There are 2 protein chains.
Amino acid sequence: MKEGPDIARVAALIGDPARANMLTALMSGKALTVSELAEEAGVTIQTASSHLSKLDEGGLLRPRKQGRHKYFGLASDDVAHVLEGLMGLAAGSGHLRKRIGPRDAELRQARVCYNHLAGDKGTQLFDSLIAQEYLRHDGEHIVLTKAGAAFAERFEIDIDGLRKARAPLCRECLDWSERRSHLAGSLGRAFLGRFEELSWAKRDQKTRVVTFSAKGAKAFDGMFPVSR
Amino acid sequence: MKEGPDIARVAALIGDPARANMLTALMSGKALTVSELAEEAGVTIQTASSHLSKLDEGGLLRPRKQGRHKYFGLASDDVAHVLEGLMGLAAGSGHLRKRIGPRDAELRQARVCYNHLAGDKGTQLFDSLIAQEYLRHDGEHIVLTKAGAAFAERFEIDIDGLRKARAPLCRECLDWSERRSHLAGSLGRAFLGRFEELSWAKRDQKTRVVTFSAKGAKAFDGMFPVSR
DNA sequence: CCAATACTTCGATTATTGTCGAAGGATGAA
DNA sequence: TTCATCCTTCGACAATAATCGAAGTATTGG
């Protein structure tokens with residue numbers, strides 16, 4: 001029996017139910033403590049601690065200590081991306097269509113993907129920003145146009161501030177429920193934050209579901225129209 | 001202990017070394033027999049058979065029987081995509097940079113990803129086709145322009161024939177070694193096939209490495225220029 | 001038809017790994 | 001300082017799953 005490729009090692013880390021539950025909980029982009037993650041997984045704190053150590057060593061998580069509390073977040077966008085991909089496979093978007101439950105429909109409509117908006121609403125945002133030429137493809141990158149920067153500033157997003165930070169401003173993130181791109185990067189995160197500030201959308205504290213109010217959805221559709 | 005999300009089930013399937021070896025072997029896009037896959041994994045035929053049954057039931061593989069032979073291929077692009085993502089994580093592109101071995105460098109340069117060209121050369125192809133407006137983003141899709149169709153026909157790719165088939169013509173596939181898109185879909189596959197016909201590039205029979213001859217690389221660079 | 005080849009299924013064995021109770025170390029608040 | 005809380009580590013146990021020999025079924029070629 002040959003030694004497996006490294007993908008076996010990474011996949012095996014995700015392939016344990018307790019660890020998968022914890023990773024899924026972290027898809028919201030929040031960092032959670034060992035105790036919180038133990039609860040998410042439904043195991044004792046000592047078991048959770050052991051699992052988290054493995055995920056850390058495997059490069060999937062990033063720990064941060066604050067006094068007696070130790071917080072874990074996903075290590076990177078890439079981890080989130082792979083988890084999204086696995087969700088797509090698990091949902092049978094590969095080639096068999098599974099029955100969709102109510103929660104699934106909500107997640108498909110709008111959900112948090114590592115702090116930015118994903119799902120139908122997420123891809124609508126991206127498509128509209130492209131269509132209105134606020135974003136454009138520049139060969140290998142997505143860049144914010146001048147018109148886009150002005151638009152964002154009018155929407156009270158501090159573009160200069162975002163540009164000063166280390167995080168990339170715009171990134172494409174392939175949305176596995178929609179099979180198209182949604183906007184990641186600090187701008188994507190800023191948009192979601194703004195939708196919350198305006199009470200257009202509300203993040204479910206327990207899941208990744210993002211719920212748009214009727215008023216918020218109307219405002220969103222007005223501001224981010226797409227030809228569909 | 002809570003029951004795990006479905007991603008645990010899918011990931012666990014990939015997380016076994018024997019199964020991971022088989023999936024990796026199938027990334028070339030070829031379909032292999034049970035015996036061949038047993039050899040790839042370094043297990044007996046009966047063990048391989050058992051594993052393949054699980055991968056089939058899990059929706060990751062698609063079997064096809066031909067007389068006494070049973071061939072397995074990856075179920076879809078999506079499966080290939082997730083495997084690529086895991087490779088990126090395993091390579092530490094997440095946040096830790098692993099030492100790159102000789103084989104890694106070759107795979108990064110040019111490799112087969114489910115029958116189309118990936119790696120540096122793959123993203124170059126995509127970027128150039130976009131830059132030359134042979135391909136363009138149409139909101140959610142990549143479409144071949146008229147100019148692009150003409151270009152492809154001049155390159156002796158039967159666009160009408162491809163359009164008649166069920167497979168999508170153009171698809172973006174996120175390239176994990178390059179972190180940008182490369183061209184998937186039937187057009188992507190046709191391009192790789194053509195490069196082989198012209199002896200510009202040669203597929204390694206044992207691995208996914210695609211090697212461009214000096215002459216081929218020169219011709220490729222000439223036909224698919226990018227501003228880099 | 002028979003022999004060879006390809007694959008499937010069964011069952012026993014073994015190794016691995018998740019789990020939790022117990023114990024201990026670190027931190028913060030009273 | 002003491003106590004409560006958070007987390008880590010250790011060790012024992014139990015469950016799971018990969019593995020292969022054996023046996024059986026299906027297909028093909030001579």
Side-chain angles (χ1 to χ4, degrees), chain A residues 1-26 30-73, chain B residues 1-26 30-73:
Chain A
M1 211 289 285
K2 279 195 203 168
E3 186 176 305
D6 280 346
I7 67 166
R9 187 177 54 83
V10 177
L13 287 177
I14 302 168
D16 170 69
R19 289 199 290 272
N21 271 315
M22 289 190 264
L23 291 166
T24 302
L26 295 173
K30 290 181 198 165
L32 300 176
T33 61
V34 176
S35 315
E36 285 167 330
L37 289 166
E39 195 171 332
E40 285 294 335
V43 293
T44 61
I45 288 169
Q46 50 268 44
T47 302
S49 178
S50 172
H51 283 309
L52 291 166
S53 175
K54 283 173 181 164
L55 292 170
D56 179 15
E57 277 157 23
L60 297 186
L61 297 185
R62 181 181 49 183
R64 249 172 314 174
K65 207 160 169 99
Q66 273 180 32
R68 79 173 75 167
H69 292 283
K70 190 165 181 179
Y71 288 88
F72 287 90
Chain B
M1 211 288 287
K2 279 193 201 168
E3 185 174 305
D6 281 345
I7 65 166
R9 188 178 51 83
V10 177
L13 287 176
I14 302 167
D16 170 68
R19 288 200 290 273
N21 270 317
M22 289 190 263
L23 290 166
T24 301
L26 294 172
K30 291 180 195 166
L32 300 174
T33 60
V34 176
S35 317
E36 285 167 331
L37 288 166
E39 192 171 333
E40 286 293 334
V43 294
T44 62
I45 288 169
Q46 47 269 44
T47 301
S49 179
S50 171
H51 283 309
L52 291 166
S53 175
K54 283 173 184 166
L55 291 170
D56 178 16
E57 277 156 23
L60 297 185
L61 297 184
R62 181 180 51 185
R64 250 173 314 175
K65 205 156 168 103
Q66 275 181 29
R68 78 175 74 167
H69 293 282
K70 189 163 181 181
Y71 289 88
F72 287 90

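Owing to the predicted nature of the structure, the values given are computational and were not obtained by experimental measurement. Letters A, B, ... mirror the listed sequences (proteins, then strands); counts begin at 1.
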Please give the angle, rounded to 10 degrees, between the axes at the start and the end of the helix from C:dC1-D:dG30 to C:dA30-D:dT1, where five pairs define each axis. 30°

Rounded to the nearest Å, what distance is computed from the CG atom of residue A:Leu37 to the C1' atom of nucleotide C:dG18? 17 Å

Which value, rounded to the nearest 0.5 Å, describes the distance between A:Asp16 atom CG and A:His51 atom NE2? 4.5 Å

Nucleotide C:dA6, atom P - distance to CZ of B:Arg64 in whole Å: 19 Å

Grab the CG-P distance between A:Leu55 and C:dT17 for me, whole Å please. 14 Å

To the nearest 0.5 Å, how far apart are NZ in A:Lys30 and OH in A:Tyr71? 12.0 Å

Taking N or O atoms only and anything under 3.5 Å, show me the protein contacts with nucleotides 4-10 of chain D, one pair per line.
residue	atom	partner	partner atom	Å
D:dT5	O4'	A:Arg68	NH1	3.4
D:dC6	O3'	A:Arg68	O	3.3
D:dC7	OP1	A:Lys70	N	3.0
D:dC7	OP1	A:Lys70	O	3.4
D:dC7	OP2	A:Ser35	N	2.9
D:dC7	OP2	A:Ser35	OG	2.2
D:dT8	OP1	A:Lys70	NZ	3.1
D:dT8	OP2	A:Ser49	OG	2.4
D:dT8	O5'	A:Ser49	OG	3.4

Rounded distance (nearest 0.5 Å) linking atom CZ of A:Arg19 with atom CG of A:Leu13: 5.5 Å

State the CG-CG distance between B:Leu23 and B:Leu60, to the nearest 0.5 angstrom. 6.0 Å

Give, for atom CG of B:Leu26 and atom CG of B:Leu37, the distance between the pair rounded to the nearest 0.5 Å. 5.0 Å

Those residues that, when tested against A:Ala38, pass side-chain contact (heavy atoms from CB on, under 4.5 Å) (two or more places apart): A:Ile45, A:Ala48

Roughly how many Å is it from CD in B:Glu39 to C1' in C:dT5, rounded to a whole number? 15 Å

What is the distance from CG of B:Leu32 to C1' of C:dC7, rounded to the nearest Å? 16 Å

OP1 or OP2 of C:dT17 under 4.0 Å from side-chain N/O of A:Lys54: no

Nearest whole Å is fine: how far is D:dT16 C1' from B:Asp16 CG? 13 Å

Separation between CD1 of B:Ile7 and CZ of B:Arg9, rounded to the nearest 0.5 Å: 11.0 Å

Quick one: does A:Asp56's side chain have a donor or acceptor within less than 3.5 Å of a partner on A:Leu52's backbone? no

